[in-house]
Amino acid sequence: MEATKATKAQQTRSMTMVQAVNDALRVALEQDETVLLLGEDIGRNGGVFRATDGLQAQFGEERVIDTPLSEAGIVGTAVGLAVSGSKPIVEIQFMGFVYPAYEQIMTHVSRIRMRSLSHYTVPMVIRAPYGAGIRAPEIHSDSMEALFTHMPGIKVVCPSTPTEAKGLLLAALRDPDPVLMMEPLRLYRGEKEDVALNHYETDIGKATKLSEGKDVTLLAWGAMVAVVKKAAAAVAEEGIACDVIDLRTLFPLDKDTIAESVQKTGRAVVVHEAHATGGLGNDLVSVINDTSFLSMRSPIERVTGFDVPVPIGSLEDHYIPSVSRVVEAIHKTVQF
């Protein structure tokens with residue numbers, strides 16, 4: 001049992017990201033009887049990553065529901081529940097398994113508010129563990145956020161810490177529109193931090209600045225935040241000071257925070273592990289060009305995955321953006 005720390009304002013407990021997700025689900029189920037969980041093996045087994053461990057025993061089989069192996073069926077069922085007054089939270093075991101449900105998300109989840117002239121909304125959350133780095137088999141490690149950030153009608157969030165994971169999930173559940181929450185697999189059982197046990201929310205649509213610098217803006221999300229922080233620390237020894245921005249919300253983007261930073265530094269490096277072509281980094285380049293072109297002192301650099309399927313086994317290490325690749329991109333912008 002993890003130690004619980006009491007403060008004047010709240011109690012906290014040291015948690016990993018997956019534990020923080022579990023705690024957010026517990027809080028949601030306790031506070032709102034309309035909240036339901038749906039997914040494959042999330043009940044008796046507690047989910048493939050144990051994100052729902054113990055919740056079915058606490059809240060019952062009618063609220064924590066083991067579903068058939070059918071992503072389209074799970075999401076389609078959740079749509080009906082959402083427009084009928086429930087607040088379903090769907091778990092997709094791996095983001096790479098979301099493709100069978102893509103039609104439901106594209107044609108129904110994201111469009112019902114518009115289709116019904118706002119008479120109906122879809123207050124549902126889709127949770128999807130994603131990303132490479134845990135040596136998972138083929139299809140399990142995809143980073144396909146751009147499929148959903150290009151889909152108006154659904155919001156997309158991605159935490160990089162346990163505290164953000166709980167806060168974003170609870171904020172997503174309160175949002176009247178559907179939210180996709182991408183949960184970085186490599187961070188599930190990574191570093192721990194003290195997480196508040198009460199209800200709190202992290203604002204959707206707001207990026208956060210993790211460090212202040214005058215020379216280069218580094219933009220990242222999810223597991224790549226730790227990579228850019230290490231790169232920023234490495235170049236700091238050379239006298240290069242970086243603004244490190246964790247986007248947290250991928251749609252809608254916090255364009256004001258991005259523009260403010262880039263207009264100060266005049267340089268930008270975008271880092272993500274998804275493929276380069278069609279990746280969200282392209283949209284970030286467009287945002288910078290639209291808002292801050294006349295402030296730029298060098299071309300924008302992107303450090304991304306490659307235009308190949310995510311490889312399996314140790315080849316993942318060559319696919320995922322590394323600290324050295326980010327440092328190289330920083331040097332390129334500074335020396336331009």
Side-chain angles (χ1 to χ4, degrees), residues 131-133 143-146 149-150 156 158 160-161 182 184 205-308 310 317-336:
S143 299
M144 301 307 294
E145 55 267 37
T149 59
H150 295 167
V156 182
C158 183
S160 66
T161 68
M182 299 170 49
K206 287 289 185 182
T208 183
K209 187 180 292 186
L210 302 179
S211 67
E212 193 80 34
K214 60 180 176 57
D215 298 314
V216 186
T217 297
L218 307 182
L219 299 168
W221 55 92
M224 292 297 96
V225 171
V227 173
V228 300
K229 286 170 65 176
K230 290 177 181 178
V235 298
E237 298 179 1
E238 308 168 20
I240 302 172
C242 298
D243 262 9
V244 176
I245 295 177
D246 176 0
L247 293 182
R248 297 197 299 199
T249 299
L250 308 185
F251 187 86
L253 288 168
D254 184 353
K255 297 178 182 180
D256 291 340
T257 296
I258 296 168
E260 179 184 10
S261 175
V262 173
Q263 288 169 18
K264 177 185 67 175
T265 65
R267 304 180 181 92
V269 177
V270 178
V271 183
H272 62 72
E273 66 178 86
H275 312 127
T277 300
L280 183 61
N282 299 347
D283 294 284
L284 291 167
V285 171
S286 295
V287 168
I288 294 169
N289 279 335
D290 289 346
T291 63
S292 312
F293 179 77
L294 295 179
S295 299
M296 298 306 294
R297 303 168 63 184
S298 68
I300 304 163
E301 289 295 318
R302 289 182 303 146
V303 182
T304 72
F306 302 103
D307 288 341
V308 298
V310 180
D317 297 337
H318 302 283
Y319 174 87
I320 300 169
S322 63
V323 173
S324 61
R325 287 177 61 197
V326 178
V327 168
E328 182 181 354
I330 293 170
H331 286 158
K332 191 173 179 179
T333 64
V334 172
Q335 296 168 5
F336 178 79

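Residues satisfying the side-chain hydrogen bond (donor to acceptor under 3.5 Å, both in side chains) test with K264, not counting sequence neighbours, are E212, D243.
Atom CE in M182 sits 9.0 Å away from atom OG1 in T149 (nearest 0.5 Å). Note: L250 CG to D283 CG = 10.5 Å, rounded to the nearest 0.5 Å. If you take CD1 on I300 and OG1 on T217, they are separated by 10.0 Å, rounding to the nearest 0.5 Å. Here the straight-line distance linking atom CG of L284 with atom CG of L219 works out to 6.0 Å at 0.5 Å rounding.
The backbone N or O of N282 lies less than 3.5 Å from a partner atom in the side chain of S286, making a donor-acceptor pair. H275 places a side-chain N or O within donor-acceptor distance of the main-chain N or O of V308, the cut-off being under 3.5 Å. Of the possible donor and acceptor atoms, one in the side chain of D307 sits under 3.5 Å from a partner among the backbone N and O of T277. Listed for the S211 side chain is a donor-acceptor partner under 3.5 Å among the backbone atoms of C242. Checked by atom type and distance alone, the side chain of D254 never pairs as donor or acceptor with a backbone atom of T249 at under 3.5 Å. At distances below 3.5 Å, not a single donor-acceptor pair connects side-chain atoms of R267 with backbone N or O atoms of E301.
Residues K206 and T257 form no side-chain contact, since every pair of their non-hydrogen atoms from C-beta on lies 4.5 Å or further apart. Using a 4.5 Å heavy-atom cutoff, the side chains of S160 and P184 are not in contact.
The heavy-atom pair separating Y319 from E273 by the smallest distance is OH-O, 3.0 Å. Minimum interatomic distance between D215 and G239 (heavy atoms only, all atoms of both residues): OD2-O, 3.7 Å. When every heavy atom of H318 is checked against every heavy atom of F306, the shortest pair comes out as O-CE1, 3.2 Å. For the residue pair V310 and A132, the shortest heavy atom distance occurs at CG1-CB, 3.9 Å. Smallest separation of non-hydrogen atoms from A146 and G278: CB-O, 3.3 Å. Smallest separation of non-hydrogen atoms from I245 and S261: CD1-CB, 3.5 Å.
For K332, the NZ atom is loosely surrounded, since the number of other residues' heavy atoms within 6.0 Å does not exceed 12.
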Side chains of residues 291-298: which donor-acceptor partners sit under 3.5 Å, not counting sequence neighbours?
| from | atom 1 | to | atom 2 | distance (Å) |
| --- | --- | --- | --- | --- |
| T291 | OG1 | V287 | O | 2.8 |
| S292 | OG | Q263 | NE2 | 3.3 |
| S298 | OG | T333 | O | 3.3 |

Sequence neighbours excluded and cut-off under 3.5 Å, please list the side-chain donor-acceptor pairs for residues 229-238, or say none.
| from | atom 1 | to | atom 2 | distance (Å) |
| --- | --- | --- | --- | --- |
| E238 | OE1 | H331 | NE2 | 2.8 |
| E238 | OE2 | H331 | NE2 | 3.2 |

